[in-house]
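As structure tokens, the structure follows; a few thoughts come after it.
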Amino acid sequence: MMEIRLTKASPKEMKPKPVPGVELGFGRTFTDHIFLMDYQKGKGWKNPRIEPYHPLSLDPGALVLHYGQEVFEGLKAYRWPNGEICLFRARMNFERMNRSARRLCMPELDVDFVLEALRQLIRLEKDWVPTTPGASLYIRPNMIATEAALGVQVSKKFLFYIMLGPVGAYYPQGFNPVDIYVTEKFIRAARGGLGEAKTLANYAASLLAGEEAHELGYTQVLWLDAIERKYAEEVGTSNIFFYISDELITPPLDGTILPGITRDSVLHISRRWEMKVFERRISLDEVISALESGKLKEIFASGTAAVISPVGKLAYHGKTYVINNGKVGPLAQKLYDHIMGIQYGKIKDPYGWMERVA
Ligand SMILES: *Cc1c(COP(=O)(O)O)cnc(C)c1O
């Protein structure tokens, strides 16, 4: 394995660590150090290093700035009651990053190596991992094309980095349902496109729909399939689940949906609980008719940031539907408690998902 060069921040460069009781918010504070590594075609990855956190210096012609060759990940490190710091299924994030990278003609990472780099970075930044319940250290690995060239082409140079930042509990006021707006005007991804890759274009494409939903008073957009605009795909940047009668249904990974690690965890857990679980297409018509006949029990989204997001209201075709009386349903609650319990070391992890790093 390559040696990771460490340059420590001087005391002057160090920022104040999170203080218990002070609201952290999301993604505004970054820790004192960053991991970086360069790639050059023909030479591979080189120069892995941990340095004081600093702005990047990029050529204005860097290909990422013109043609969007970029992939990223999002995961968290959790503080356990005994003070230890643990990661949740982190290997899956780097494996997914490699799949995203292949789609974007970007080089793959050595998963064992970047996991080791992440462990070293977290150990160095361990005082940044909040102790407040529900708070965590957010981890953002990113890869960008750095070669300067103004023709559309695959870059021969890349930069990979991992930045960290403490984040507050997603639901500081308690676990609450969100209101979502089904957009029929905009789409997130079509088959053959970038939908299953965690890459910047998908998020740029989603902003206008999100703004429109916000203006109408909704928190998130529910995306429909690009072709028929009939089938549910995702909610915002989360996967979606429908609980109808005694069946838990989520759209299948057909190329337009981001294969969420929380989604996979929900599937694992609910199968272990011997629920009836289906990965299949589900139309909004089916959802509405289940709602009208009283069979629709719950809708919830899944993702790293919120873990589980229950849906309280759904706006579709000019009508607003209330789900489960606008309350958190028992299944959403049970999954949320179970996953959070495992992540924060409150309950035993029967799946082997947690890894202690510090
Ligand atoms: C990241 C992401 C998800 C959720 O993935 P997790 O691994 O569960 O965090 C779902 N949909 C989109 C579009 C995403 O970007």
Side-chain angles (χ1 to χ4, degrees), residues 4 6-36 49-56 72-90 92-94 97 114-142 160-176 198 203 236-238 260-262 302-309 336 339-346 353-358:
I4 298 170
L6 170 63
T7 312
K8 277 198 178 173
S10 67
K12 267 213 315 276
E13 289 170 303
M14 310 258 260
K15 293 165 272 191
K17 310 287 175 290
V19 182
V22 175
E23 190 41 56
L24 284 162
F26 183 86
R28 301 256 167 212
T29 312
F30 312 118
T31 69
D32 296 319
H33 297 86
I34 182 167
F35 172 82
L36 305 129
R49 57 204 187 273
I50 292 174
E51 294 178 344
Y53 189 91
H54 58 76
L56 299 176
F72 69 96
E73 271 304 325
L75 65 158
K76 287 173 170 178
Y78 307 87
R79 175 81 68 182
W80 280 23
N82 61 6
E84 290 178 0
I85 298 165
C86 293
L87 289 168
F88 177 74
R89 310 188 79 183
M92 276 188 89
N93 287 91
F94 290 109
M97 192 167 194
V114 288
L115 277 170
E116 184 50 32
L118 175 60
R119 289 183 202 111
Q120 291 189 22
L121 183 63
I122 291 174
R123 279 175 203 137
L124 184 65
E125 303 289 62
K126 61 184 190 316
D127 294 342
W128 281 97
V129 186
T131 52
T132 315
S136 57
L137 185 72
Y138 188 76
I139 301 160
R140 171 54 60 84
N142 202 1
F160 170 78
Y161 60 88
I162 305 175
M163 57 192 290
L164 308 174
V167 297
Y170 196 87
Y171 298 104
Q173 270 85 345
F175 192 33
N176 263 317
K198 226 171 166 71
Y203 306 88
T237 58
S238 316
I261 290 157
T262 321
S302 72
T304 295
V307 185
I308 300 290
S309 259
Y336 178 79
I339 297 172
M340 293 276 282
I342 290 170
Q343 290 173 334
Y344 285 89
K346 299 272 169 59
W353 286 343
M354 301 308 295
E355 183 203 332
R356 179 183 171 269
V357 290

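The structure presented is a predicted model; accordingly, all values stated were derived computationally and were not measured.
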Tyr171-Ser309 side chain donor-acceptor pair, cut-off 3.5 Å: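 Indeed, the side chains of Tyr171 and Ser309 share at least one donor-acceptor pair under 3.5 Å.
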
Taking the side chain as everything from C-beta on, heavy atoms only, tell me whether [X] gets closer than 4.5 Å to [Y].
| X | Y | result |
| --- | --- | --- |
| Met97 | Val114 | no |
| Phe35 | Pro141 | no |
| Leu137 | Ile85 | no |
| His33 | Lys8 | yes |
| Thr7 | Arg49 | no |
| Leu75 | Ile261 | no |
| Glu51 | Leu36 | yes |
| Leu121 | Ile4 | no |

Residues Arg119, Glu355; criterion side-chain contact (heavy atoms from CB on, under 4.5 Å); working and verdict: CA-CA 10 Å; Arg119 289 183 202 111; Glu355 183 203 332; 2.6 Å; yes

Rounded to the nearest 0.5 Å, what separates atom [atom1] in [X] from atom [atom2] in [Y]?
| X | Y | atom1 | atom2 | value |
| --- | --- | --- | --- | --- |
| Ile308 | Ile339 | CD1 | CD1 | 4.5 Å |
| Lys76 | Phe88 | NZ | CZ | 11.0 Å |
| Leu164 | Ser136 | CG | OG | 11.0 Å |
| Ile342 | Met340 | CD1 | CE | 12.0 Å |
| Ile34 | Glu125 | CD1 | CD | 10.5 Å |

Measure across [X] and [Y] and return the closest heavy-atom pair with its distance rounded to 0.1 Å.
| X | Y | value |
| --- | --- | --- |
| Ala77 | Leu87 | CB-CD2, 4.0 Å |
| Ala9 | Pro52 | CA-CG, 3.7 Å |
| Ser238 | Ser302 | CB-O, 3.3 Å |

Answer yes or no: is there a donor N or O on one side and an acceptor on the other, between the side chain of [X] and the main chain of [Y], under 3.5 Å?
| X | Y | value |
| --- | --- | --- |
| Arg79 | Ala135 | no |
| Trp80 | Lys346 | no |
| Arg140 | Phe72 | no |

Anything under 3.5 Å between a donor and an acceptor, one on a side chain of residues 21-29, the other on a protein residue two or more places apart or in another chain? List them.
from: Glu23; atom 1: OE2; to: Gly25; atom 2: N; distance (Å): 3.2

Taking it one step at a time, do Lys126 and Arg123 satisfy side-chain contact (heavy atoms from CB on, under 4.5 Å)? CA-CA 5 Å; Lys126 61 184 190 316; Arg123 279 175 203 137; 5.6 Å; no

Between Tyr203 and Lys198, does the side-chain contact (heavy atoms from CB on, under 4.5 Å) criterion hold? Intermediate values first, please. CA-CA 9 Å; Tyr203 306 88; Lys198 226 171 166 71; 3.5 Å; yes

Under the side-chain contact (heavy atoms from CB on, under 4.5 Å) rule, what do Ile139 and Ile122 come out as? Steps first, then yes or no, please. CA-CA 9 Å; Ile139 301 160; Ile122 291 174; 3.9 Å; yes

Pairwise salt bridge (Lys or Arg N to Asp or Glu O under 4.0 Å) hits with a residue in residues 164-173, at least two apart: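 Matches after skipping sequence neighbours: none remain.
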
Less than 6.0 angstrom separating the ring centers of Tyr170 and Tyr336, yes or no?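 Centroid distance Tyr170-Tyr336: not below 6.0 Å, so no.
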
Under 3.5 Å, which donor-acceptor pairs link side chains of residues 10-20 to any protein atom two or more places apart or in another chain?
from: Ser10; atom 1: OG; to: Glu13; atom 2: N; distance (Å): 3.4
from: Ser10; atom 1: OG; to: Glu13; atom 2: OE1; distance (Å): 3.2
from: Glu13; atom 1: OE1; to: Ser10; atom 2: N; distance (Å): 2.8
from: Lys15; atom 1: NZ; to: Phe30; atom 2: O; distance (Å): 2.8
from: Lys15; atom 1: NZ; to: Thr31; atom 2: O; distance (Å): 3.0
from: Lys17; atom 1: NZ; to: Lys15; atom 2: O; distance (Å): 3.2
from: Lys17; atom 1: NZ; to: Asp32; atom 2: OD2; distance (Å): 3.1

